[in-house]
Each structure stands twice: as structure tokens, then as C-alpha cells.
Amino acid sequence: MDQNRLYTLPALPYDYRDLAPSISEEQLRIHHTKHHQGYVNGANAVFEKLEKARKEGSDPDQKAVAKELSFHIGGFLLHVLYWENLAPAGKGGGGSPGGDLAKQIDKDFGSFERFKKEFIAATNSVEGSGWGALSYCKKTGRLLVMQIEKHNVNVFPGFPLLLVVDAWEHAYYIDYKNDRAKYLENIWNIINWKTVGSRFESAKKA
Ligand code: MN3
């Protein structure tokens, strides 16, 4: 199999200890090296299975293949976005959005505080495993909160994701046990608004 056509785990844009205390070194290391790596391996394993079946002329269950691929690729891509929209507190992380994004949040949600409230409520109420996300609809010029189940359910097709927050237990359980709400309170200290803002600029131009 051509290694260039497989997924690989990207390095984090900061050190494992840099997001503490919002996310501890142990929590971040396991999340990145075990869970994110798991989706890399999962997607690549499907590619290999398909290639083998095509060579042999055998017929894998395409419904199962499609579901598995969507799950692992969704998981892989969401984690890439997640790492990039976090930054160490006070060194790019925390505070509030600026520029056009700040104006758009005020226009669509009324205020940044109201946006946070809606985003937290959507993310905290994910049943089982999933994500909170902020997306943008170019057609209506609206920011929309998305509640993604697993890595791939409830997604608005083709809408760019500006901000994603992992609400799987594996994202916070070492640090917060069952207290997802506390994790979602502390995550705002490490949100990289510069990255979220530049994703918004690209989404408007796309
Ligand atoms: Mn995760």
C-alpha cells in the first residue's frame, strides 16, 4: 500500500504539558497518542481491507465499510481541527474572539456570552460520545452550532467547521471524571480564537 495515501498522526502544535491545568499532560498525551492514533489506524485499516478485497475479487459488506470509514475519517479530521483550535492559556489561548468573527457572533447570537451558553448546552447534552461545533452557512450568512454524535452524525454536509470541542469521555475523564460541565467551563481558557477567526475568514471566501 502506498504510504503517501494513508493517514498519519500529525504532531501537536504545542507540548503535551502546555494546556494544563485545563487539560493535563497525561490526559492530552493519551488522547493524542492512543485515541487520535486509533482513528488513523482505523481509517487506514479500511483502505487496506478494500485494496485486498479488490485484488482478490472478494466483496466486503459495503454498508459496514462506509459506516466504518465515516466514523474513522470523521474522528481523524475532527481531532486535527480540535488540536489546532486550542492553544496554551495566555499564549494564544483564552479570551474572546475579535474582528469579523466577534461581530458575526454578536449578530447571530446577540452576544459572546449567549453564544457560549448555547454552545456549552449543545456540547454538554451530547448523548454518549460526540462533539460541539461552530459551523458557518455561507448561503444564509449564519453561524450555526452543531452537535455531532460520534464523529459523523448530525453533520451539516459541506459546512466548514470553525471551532470543535471534543465531548467524548476520553477527552476529559482523566482530569474531570464524569464532570463534563467542568471540562466545558475550563476549555474556554485554551480556545485559540485567532485560528477560529481565520477559519471564519476562509469560510466566507470559499
Ligand atoms: Mn477525542
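Keep in mind it's a predicted model, so treat the numbers as computed, not measured. Both counts, for ligands and for their atoms, begin at 1 and track the order of listing.
Sorted by first and then second residue, the salt bridge (Lys or Arg N to Asp or Glu O under 4.0 Å) pairs involving residues 35-50 (not counting sequence neighbours) are K49-E68.
With respect to H79, the ring-ring contact (aromatic ring centres under 6.0 Å, His included) criterion is satisfied by exactly one of H170, H72, H35, H32: H170.
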N/O donor to acceptor pairs below 3.5 angstrom from side-chain atoms of residues 91-99, sequence neighbours left out:
none

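Within a radius of less than 2.8 Å around the Mn ion (ligand 1), the protein N, O or S atoms are H31 NE2, H79 NE2, D166 OD2, H170 NE2.
Using a cutoff of 4.0 Å between basic side-chain nitrogens and carboxylate oxygens, K117 and E113 are not scored as salt-bridged.
Between W188 and F112, the ring planes lie perpendicular to each other; the angle is over 60°, past the 30° to 60° tilted range.
With sequence neighbours excluded, the residues satisfying ring-ring contact (aromatic ring centres under 6.0 Å, His included) with Y172 are Y183.
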